Amino acid sequence: MSEPQASSPRPAPPARANEPTVTAALAAERGLSAEEFELLRGILGRDPSWTELGVTSALWSEHCSYKSSKVYLREFPTSGPRVLQGPGENAGVVDVGHGWVAVFKMESHNHPSYIEPYQGAATGVGGILRDIFTMGARPIACLDALRFGEIDAPRMRHLIDGVVRGVGDYGNCFGVPTVGGETAFHRCYNGNILVNAFALGVARHDEIFTARASGAGNPILYAGSRTGRDGIHGATMASESFDAGSESKRPPVQVGDPFTAKILLEACLAAMKTGAIVAIQDMGAAGLTSSTFEMAGRGGTGMRLDLEKVPLREPGLSPYEMMLSESQERMVVLARRGREEEVERVFRRWGLEIAEIGEITEDGRALLCFAGETYADIPIEPLTEQAPVYRRPTAPPADLAARWEAPTLPDVGHPIETLQRLLDTPDFGSKRWIWRQYDHTVRTNTVRGPGGDAAVVRLKGTPSALALTADVNPVYCQLDPERGGMQAVAEAVRNLACVGAEPVGLTDCLNFGNPQNPEVAWQLQQSVLGLSAACRALDVPVISGNVSLYNETQTDAGLQSIYPTPAVAMVGLIPLLKTLPESHFDQAGDRIILLGRDREEFGGSAWLRLLHDLEQGRPPQVDLDTERRLSQLLRELIGAGLLSTAHDLSEGGLGIAAAEACFGKGLGARLEVSSPLELFSETQGRALVACPPAHSIEILRAAERHGVPAAEIGEVGGENLEFAVGGENFRAPVARLETIWAQALPKALGL
Amino acid sequence: MIQARVTVYPRREILDPQGKAIGEALSRLGFQGVVSVRAGKSFEIELKTAEVGVARRQLEDMCERLLANTVVEDYEVEILDEDGR
Amino acid sequence: MIQARVTVYPRREILDPQGKAIGEALSRLGFQGVVSVRAGKSFEIELKTAEVGVARRQLEDMCERLLANTVVEDYEVEILDEDGR
Amino acid sequence: MKVGVVVFPGSNCDHDVYHAFSHVLNSETVFLWHGDETVQGCDLVVLPGGFAYGDYLRAGALAALSPVMAAVRRHARDGGLVLGICNGFQVLLETGLLPGAMRRNQGLRFLCQDVYLRVERNDLPFTSRLQVGQVLRLPIAHAEGNYEDAPERLDALEDNAQVVFRYCAPDGSICAFDAELNPNGAARAIAGITNPRGNVLGLMPHPERAAEAILGNADGLALLAGTIASFAPSASPPAASPKAEEVRA
Ligand SMILES: Nc1ncnc2c1ncn2[C@@H]1O[C@H](COP(=O)(O)OP(=O)(O)O)[C@@H](O)[C@H]1O
Ligand SMILES: [Mg+2]
């Protein structure tokens with residue numbers, strides 16, 4: 001940790017009657033450790049005021065400072081020929097050709113969604129959308145990666161319904177299509193669900209904006225909704241106890257207002273075109289504090305805020321509350337002095353409030369005033385740059401060896417019936433009940449919506465398209481966080497390859513438990529190593545991301561952390577969009593070819609977990625070289641228009657992939673497999689493709705050239721899904737399987 | 001038979017985008033002197049029981065469990081007499 | 001200053017899917033003897049004027065022109081006294 | 001032929017409609033601002049989908065009060081063409097330019113999916129390139145598409161042949177509420193209607209989202225293209241500005 005610079009002490013802001021006196025104990029209440037409190041006193045050369053303490057505790061919170069994860073994030077490869085902006089801004093930026101850039105990021109909103117699922121999920125989507133248009137990009141697609149507990153767990157149906165409606169209502173009203181995502185269920189999330197929202201925007205090269213302040217004297221403008229006491233982390237409690245009479249209540253939940261967000265988007269993009277904006281930053285977590293301090297910190301400037309000018313929803317907010325409020329749909333806009341009128345006109349035209357609340361200064365300090373009185377006077381750079389960084393002790397779980405012991409395999413039984421039981425789980429059942437509630441066709445770019453491997457949105461005005469996918473298998477990560485991390489990246493690349501897309505970048509949400517638990521710190525470290533190794537091997541730069549720690553809950557068995565869940569969202573480029581293969585069978589008579597070879601791997605497999613309650617064994621190997629060759633092959637075959645179907649093998653293995661391929665168009669198929677086990681093995685680096693008979697030879701040759709094992713294993717047609725195992729034939733009508741699959745989730749939800 | 005009305009409003013300190021938008025629209029329509037608008041839900045519920053006390057307890061229970069989201073909403077239960085006043 | 005409440009309900013003759021769904025949900029939750037549920041909207045409106053008559057006319061005008069869609073909805077205006085009863 | 005696409009605060013299909021008319025059909029297309037007092041000499045005015053004013057209160061209710069709607073009303077009275085899509089249809093209902101009202105979908109959830117529509121008449125400018133009985137596949141995306149009116153008014157609507165599109169099965173057969181085929185439960189499977197004069201059309205599905213082969217469906221193109229092709233210039237006498245009461249007919 002770097003030494004606090006001894007800055008010339010400034011007079012402390014006067015203590016105030018209605019404010020608590022700041023002590024180490026109070027600082028601890030606000031989340032600052034004793035050392036952190038001392039560090040702050042060192043930086044100030046005196047005791048902090050109440051407002052200074054609030055601001056610092058927010059800036060040094062795990063969420064804003066990444067103090068426990070920074071050391072690991074350095075592992076990520078973050079550069080590449082296409083990368084114009086890596087981690088550190090509101091979102092990453094990559095070049096996608098024809099003068100266009102893609103801007104994307106994923107964010108978690110886990111705890112708020114558990115408290116109030118509808119508003120929690122809605123404001124999660126709102127937050128990530130603001131991150132995108134803050135950069136000057138227009139959002140064109142969203143993904144949502146959701147992890148729920150067991151459906152029968154307390155409150156879980158309420159949480160699922162609320163989250164899905166929240167994601168839907170916000171995106172639908174805002175007018176961005178939610179084109180894909182992930183939904184998983186596991187008891188480890190019973191008391192701590194995960195809501196990770198991803199957004200992708202596009203802009204012209206020269207339209208990108210950053211949140212870097214400059215130019216002493218430039219006015220700081222506040223635009224959008226008014227400020228209320230929303231989501232002030234218990235601050236109200238702390239301060240209220242000091243003005244008698246007021247009963248203290250939990251801070252009000254942030255409420256999303258997608259309508260205001262939508263006009264805020266239009267106003268921001270229009271205002272940016274005036275050329276009168278220097279920098280712009282949305283108010284997300286820790287609202288006015290993080291937005292203004294980060295802006296000034298990045299630019300190495302100072303600032304003065306006159307907080308009495310902040311537009312309020314209710315009277316009587318203290319400077320402390322204004323700085324920490326998390327009211328939604330607000331932006332900080334830094335304009336060029338003398339041209340602020342041009343900016344204000346645009347916002348007013350859209351019916352939005354905009355007010356000048358301060359200006360940029362030279363002295364590198366944040367001067368927070370209210371009615372002329374000083375409430376905080378702190379050096380910005382030390383606060384943002386000298387934020388504590390921890391390398392927490394790590395330790396692998398004691399029972400790791402036991403976890404990795406190969407599971408003793410139960411009898412598969414009748415392969416079709418086993419498959420049918422898997423299709424009947426919410427885990428494998430169709431997620432249409434969810435994505436049918438999301439507008440996934442608005443903006444008229446959606447070439448492939450939810451339901452396949454990766455979504456595809458065309459880039460208007462170019463021959464190109466972008467592909468999107470979100471993946472991670474937490475059970476793999478629990479058993480082996482490093483392999484789990486690798487697998488997440490590998491599967492994402494595979495999903496993109498199945499629509500002929502080449503990865504251009506990745507964003508992640510690292511959802512973990514309590515980092516002060518050495519086992520969790522180890523999971524975090526190992527997962528990042530795995531993600532990074534895969535990203536290097538497969539040439540995928542990490543351009544943005546987010547860390548969510550302390551995902552743990554009190555259970556009878558004591559504090560339980562969630563399984564390590566490093567969710568990955570990846571964007572791919574299809575330079576020349578022609579006809580795409582379907583993820584389902586499209587034509588009777590097509591030949592079915594399996595790319596990749598099975599190694600009978602069952603560690604952490606869905607078959608053992610869902611049907612035998614067994615989470616055992618080391619997860620499947622991830623051979624990154626194989627993955628690279630497979631995805632190159634798929635892109636080549638799709639580019640040459642040889643495939644009518646391409647669907648990757650992931651959770652559930654060949655059996656599930658074959659069944660999913662039969663749905664969609666209701667076409668049957670006959671596949672030959674060596675053993676019933678082969679249907680449920682989860683060996684990585686494989687994909688199922690189908691093609692007109694005439695193309696089969698060419699595809700097998702291409703596979704050989706790329707060193708990818710390939711075999712023709714069957715044919716599309718008929719009403720049945722049929723497996724020929726050795727001499728035996730097992731079959732079931734596709735219609736029956738599809739009904740079971742389509743009903744599984746609604747049935748489990750009791751609808 | 002008891003006629004009751006349950007009214008559910010966003011908690012005072014919580015943002016009410018609907019009420020805000022409606023208030024602005026009313027001013028645009030030329031209605032002067034609209035100080036504030038809060039937008040909530042209203043449920044008219046008919047119950048078999050004849051006992052007011054029972055009904056009230058039942059209705060409050062309904063609010064806690066379904067009709068209101070007490071994290072963000074307050075509710076109010078009124079028992080109406082026959083002619084629904 | 002006048003506190004008023006406007007309640008807007010789907011017309012009796014028009015079926016009310018929301019009310020129906022809520023009624024069913026309540027029975028599923030084990031509430032006995034729920035005969036019927038109608039789901040409507042409630043608006044709490046604060047007006048500058050002090051004259052009840054003026055306020056009432058204004059509020060009815062608001063309903064006709066904005067708050068209710070008289071094709072499918074009925075409305076009701078109540079003036080509440082200071083303590084909002 | 002000049003097309004005007006109205007932009008309300010919260011419209012979110014305005015760019016989509018603009019793209020379809022301007023880039024796909026190469027017709028002169030402009031945006032009309034909700035605060036405008038005229039339709040700037042447009043021949044066809046399109047009210048696009050979205051959530052105008054957030055659809056707070058009722059879908060379309062707040063948008064119906066915008067100044068531009070008074071101009072649209074005059075445009076319609078003078079025989080000009082008006083096309084309301086999804087939220088635009090809801091605005092037309094709230095404005096009283098078309099009869100009836102929308103309620104929340106039967107299942108009380110937002111629905112985004114394809115539906116099948118049967119064309120009920122092709123003697124309108126909007127349907128000039130469609131056949132009676134023809135079945136179109138178009139996407140819907142709405143939470144309030146459950147069309148409703150008093151029974152006698154519905155009868156009148158039928159008697160005047162004002163129903164232009166109905167939700168149907170792929171084979172064209174009409175079904176009352178069906179979770180897939182008429183998923184919002186619209187009365188008499190009504191998906192689109194016109195005014196007695198036939199120059200105002202409102203429909204819930206989105207033809208502009210099905211106007212390009214690359215998106216996998218171009219069934220909507222005939223409707224949009226036909227509307228332009230069939231256009232006959234409207235004589236526009238000096239328009240009297242509407243009285244306040246008119247704003248909610
Ligand atoms: N929460 C969600 N929102 C939108 N789409 C979803 C969601 N959950 C699942 N989907 C869609 O359902 C399909 C199957 O999901 P999944 O089984 O996770 O795919 P895969 O196994 O190929 O990653 C994908 O197309 C995905 O986009
Ligand atoms: Mg996949």
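Note that the coordinates shown come from a computational prediction; the quantities given were computed from them, not determined experimentally. Letters A, B, ... are given to chains in the order of the sequence lines, protein chains preceding strands, and every chain is numbered from 1.
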**Q.** Segment of D/His19 engaging chain A (4.5 angstrom heavy-atom cut-off)
**A.** side chain
Q. With a 4.5 angstrom heavy-atom cut-off, which part of A/Asp257 approaches chain D: side chain, backbone, both or neither?
A. both
Q: Can you measure from OH (D/Tyr53) to OG1 (A/Thr260) and round to the nearest 0.5 angstrom?
A: 12.0 Å
Q) Salt bridge check: are A/Lys460 and D/Glu212 linked by an N-O gap of less than 4.0 Å? A) no
Q: Walk me through it: do D/Asp55 and A/Cys173 pass the test side chain to side chain contact (heavy atoms under 4.5 Å, CB included)?
A: CA-CA 9 Å; D/Asp55 277 357; A/Cys173 179; over 6 Å; no
Q. Looking at side-chain heavy atoms only, is the closest gap between D/His206 and A/Thr441 below 4.5 Å?
A. no
**Q.** When A/Val176, A/Asp439, A/Val447 are compared by non-hydrogen pairs under 4.5 Å with chain D, the top option
**A.** A/Asp439
Q: Name the region of A/Thr446, side chain, backbone, both or neither, that has any atom closer than 4.5 Å to a heavy atom of chain D.
A: backbone
Q. Highest number of heavy-atom pairs under 4.5 Å with chain D: which of A/Lys578, A/Arg165, A/Glu266, A/Arg138?
A. A/Arg138
Q.
Test side chain to side chain contact (heavy atoms under 4.5 Å, CB included) on D/Ile214 and A/Arg458; report intermediate values, then the result.
A. CA-CA 9 Å; D/Ile214 189 73; A/Arg458 58 108 175 249; 3.7 Å; yes
Q: To the nearest 0.5 angstrom, please state how far the CG atom of D/Asn12 sits from the CZ atom of A/Phe259.
A: 11.5 Å
Q: Name the region of A/Arg432, side chain, backbone, both or neither, that has any atom closer than 4.5 Å to a heavy atom of chain D.
A: side chain
Q. Are A/Arg443 and D/Arg209 side-chain neighbours, meaning at least one heavy-atom pair lies under 4.5 Å?
A. no
Q: Calculate, to the nearest 0.5 Å, the distance between atoms CH2 and CZ belonging to D/Trp33 and A/Arg349 respectively.
A: 4.5 Å
(Q) Looking at every heavy atom in both A/Asn445 and D/Leu215, which two are closest together, and how far apart are they? (A) C-CD2, 3.8 Å
(Q) Is D/Tyr56 in contact with chain A via its backbone, its side chain, both, or neither, using a 4.5 Å heavy-atom distance? (A) side chain
Q: Identify the heavy atoms of A/Trp350 and D/Val7 that sit nearest to each other, and give their distance.
A: CH2-CG1, 4.3 Å
**Q.** Where D/Gly10 and A/Ile263 come nearest, the two heavy atoms and their spacing
**A.** N-CG2, 4.1 Å
Q) Taking A/Thr579, A/Val442, A/Leu577 one by one, which has the highest count of heavy-atom pairs under 4.5 Å against chain D? A) A/Val442
(Q) Taking the side chain as everything from C-beta on, heavy atoms only, tell me whether A/Trp433 gets closer than 4.5 Å to D/Arg109. (A) yes
Q. Judged by atom type as modelled, is there a donor-acceptor pair below 3.5 Å linking the side chain of A/Asn172 to the main-chain atoms of D/Cys112?
A. no
